Amino acid sequence: MGVSNFANKSFVSRTLSGIVMVALLVVGLTVGGEYWGGRWLFFANMIISLIAVYELYKSFDMQKTLMGFTGYVALIAYYVLIYFDQYSVRILGNTIHGKRFMMIFMVMFLIILFAEYVFLYPQYNAKQVAVVFMCMVYAGVMLSYLYITRMEYNGLYTVWLIFIASWGCDTCAYLAGVAFGKHKMAPVLSPKKSVEGAIGGILGAALIGGIYAYIFQDKIDKIPNPVLVFAVICAVAGLVSMTGDLVASAIKRNNNIKDYGKIIPGHGGIMDRFDSVIYVAPVIWLLVYIMTGMSVD
């Protein structure tokens, strides 16, 4: 009886949290204008990225170190560059374009980490440098493509492909796996995932993407045959999303943790819920650009 009650409470909290997240996404991603369509989403995305990076640093016991602090500052600076790229910001008479500074920014971030490594030696080791750099790019930079995709042309509609390809694929993969799953896809890392489930997830994501495009095709500009294009994008990104889920699981296993956090009742941390979204967001941006000729300028 106790186990049953616990399971029911877990299901209820997970369901309620899911409803709240979807509601926030609908408001944050679809309401246009200067704030919800841009700046509010920008700050929300940055905060979520910071929490995700913190959770990853915590899994490596780096969350309260100087290198960890450097990672947080670097992530905020990265978002400032994104902001400069999306809005006309003039400093000393010059218009600042964030994209021009992205590569040198990442190099400078690594240089600072190496400086901390050598000048504080042996407090830190090279593996910790790699971890801090990797976590900031993984959970910070990659997740920022949620905001970047939303701010592109047709972004109001293409941004939802990120969630169709990640959460939609995950749901369809689970249903297909329960119904038809026989062959294990990653037996050591994730015993419950099956090849049949993966195929079902990819096909399901493609179907949902196609239906979504069919519903909104009259509002999607300059994309020929959006039903086919969105279906293909979601299928490819759905396949990628499974890798993202497995990456997050592998890191948890390496560090012997069950969940990354407890911020989302019934789901765990940001990394637990957004693991596939993080992986899919930049892929969706890239696929939309390749298949539709979306301008990156």
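Everything quoted here is computed from the prediction, not taken from an experiment.
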Applying side-chain contact (heavy atoms from CB on, under 4.5 Å) to Asp170 and Ser276, what does each step give before you reach the verdict?
CA-CA 9 Å; Asp170 184 57; Ser276 56; 5.6 Å; no
Determine the interplanar angle of the [X] and [Y] rings, folded into 0 to 90°, and report it as parallel if under 30°, tilted if 30 to 60°, perpendicular if over 60°.
X: Trp160; Y: Phe163; answer: tilted
X: Phe216; Y: Tyr157; answer: tilted
X: Tyr121; Y: Tyr117; answer: perpendicular

One pair to check against side-chain contact (heavy atoms from CB on, under 4.5 Å): Leu110 and Val129. What are the steps and the verdict?
CA-CA 8 Å; Leu110 187 58; Val129 174; 4.2 Å; yes
Applying side-chain contact (heavy atoms from CB on, under 4.5 Å), run through Met271 and Ile278 and close with a yes or a no.
CA-CA 8 Å; Met271 284 297 304; Ile278 289 171; 3.5 Å; yes
For the side chain of [X] and the backbone of [Y], is there at least one donor-acceptor N/O pair under 3.5 Å apart?
X: Ser59; Y: Leu56; answer: yes
X: Trp167; Y: Arg273; answer: yes
X: Lys252; Y: Ile257; answer: no
X: Asp272; Y: Gly269; answer: yes
X: Asn154; Y: Asp221; answer: yes
X: Glu196; Y: His183; answer: yes
X: Asn125; Y: Lys127; answer: yes

Find out whether [X] and [Y] are in side-chain contact, i.e. whether some heavy atom of one side chain is under 4.5 Å from a heavy atom of the other.
X: Tyr124; Y: Leu113; value: no
X: Leu203; Y: Leu207; value: no
X: Leu50; Y: Ile76; value: yes
X: Ile51; Y: Tyr260; value: no
X: Phe133; Y: Met106; value: yes
X: Glu55; Y: Ile263; value: yes
X: Ile251; Y: Phe60; value: yes
X: Met151; Y: Leu41; value: no

Heavy-atom closest pair, residues [X] and [Y]:
X: Met62; Y: Val132; result: CE-CG2, 3.7 Å
X: Ala235; Y: Ala206; result: CB-CB, 3.9 Å
X: Gly200; Y: Ala176; result: CA-CB, 3.7 Å
X: Ala281; Y: Thr149; result: O-OG1, 4.1 Å
X: Ile220; Y: Pro226; result: CD1-CB, 4.3 Å
X: Ser166; Y: Ser241; result: CA-CB, 4.0 Å

Interatomic distance, [X] atom [atom1] to [Y] atom [atom2] [nearest 0.5 angstrom]:
X: Tyr279; Y: Ile284; atom1: OH; atom2: CD1; answer: 14.5 Å
X: Met136; Y: Tyr78; atom1: CE; atom2: OH; answer: 8.0 Å
X: Ile223; Y: Leu228; atom1: CD1; atom2: CG; answer: 12.0 Å
X: Lys58; Y: Lys64; atom1: NZ; atom2: NZ; answer: 8.0 Å
X: Trp40; Y: Tyr147; atom1: CH2; atom2: OH; answer: 13.5 Å
X: Cys172; Y: Ile208; atom1: SG; atom2: CD1; answer: 4.0 Å

Quick one: do the Glu116 and Thr70 side chains pair a donor with an acceptor below 3.5 Å?
yes
Taking atom CZ of Phe105 as the centre, does the number of heavy atoms from other residues, nucleotides or ligands within less than 6.0 Å exceed 12?
yes
Hydrophobic cluster membership, with links at side-chain heavy-atom distances under 4.5 Å among I/L/V/M/F/W/Y: are [X] and [Y] in one?
X: Phe119; Y: Met108; value: yes
X: Phe109; Y: Met103; value: no
X: Ile47; Y: Leu143; value: yes
X: Tyr72; Y: Ile112; value: no
X: Phe42; Y: Leu81; value: yes

Is there a side-chain contact (heavy atoms from CB on, under 4.5 Å) between Leu66 and Leu120 once you walk through the steps?
CA-CA 10 Å; Leu66 177 60; Leu120 296 175; 3.6 Å; yes
